[in-house]
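Some notes on the structure that comes next.
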Amino acid sequence: MTRHGKPVAFLIGVEDFARLEELEDAADLAEFRAAKAEDDGRRVSLAELQAEL
């Protein structure tokens with residue numbers, strides 16, 4: 001479907017949608033694991049963050 005010549009929506013099958021969700025979940029999990037591996041445990045308070053900005 002288009003509006004003013006630009007795509008605005010599309011239809012996909014339920015199986016394709018389920019596969020896209022699986023891929024997205026896998027990507028999210030990989031990003032979480034990478035971030036957790038890099039976490040040095042340091043935390044800052046909101047006040048410290050605001051002071052830096």
Side-chain angles (χ1 to χ4, degrees):
M1 290 181 234
T2 62
R3 181 178 301 143
H4 306 293
K6 296 182 181 181
V8 293
F10 62 94
L11 299 173
I12 62 172
V14 173
E15 290 176 359
D16 290 336
F17 179 73
R19 181 65 179 139
L20 286 173
E21 284 188 318
E22 289 173 5
L23 292 170
E24 185 176 281
D25 289 347
D28 289 346
L29 182 57
E31 288 181 28
F32 169 76
R33 287 181 174 157
K36 190 168 175 89
E38 295 175 9
D39 183 12
D40 64 3
R42 183 174 182 274
R43 303 293 183 263
V44 297
S45 69
L46 178 58
E48 290 172 313
L49 179 62
Q50 288 172 329
E52 287 181 20
L53 301 177

Worksheet item: Would you call Glu24 and Leu20 a side-chain contact if the rule is heavy atoms closer than 4.5 Å?
Response: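 The answer is no; the side chains never approach within 4.5 Å.
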Distance-only donor-acceptor hits, side chain of residues 5-18, under 3.5 Å, sequence neighbours excluded:
none

Discussion item. Tell me the closest heavy-atom pair linking Glu48 and Arg43, and the distance in Å.
Written reply: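 So the two residues come closest at OE1-O, 4.3 Å.
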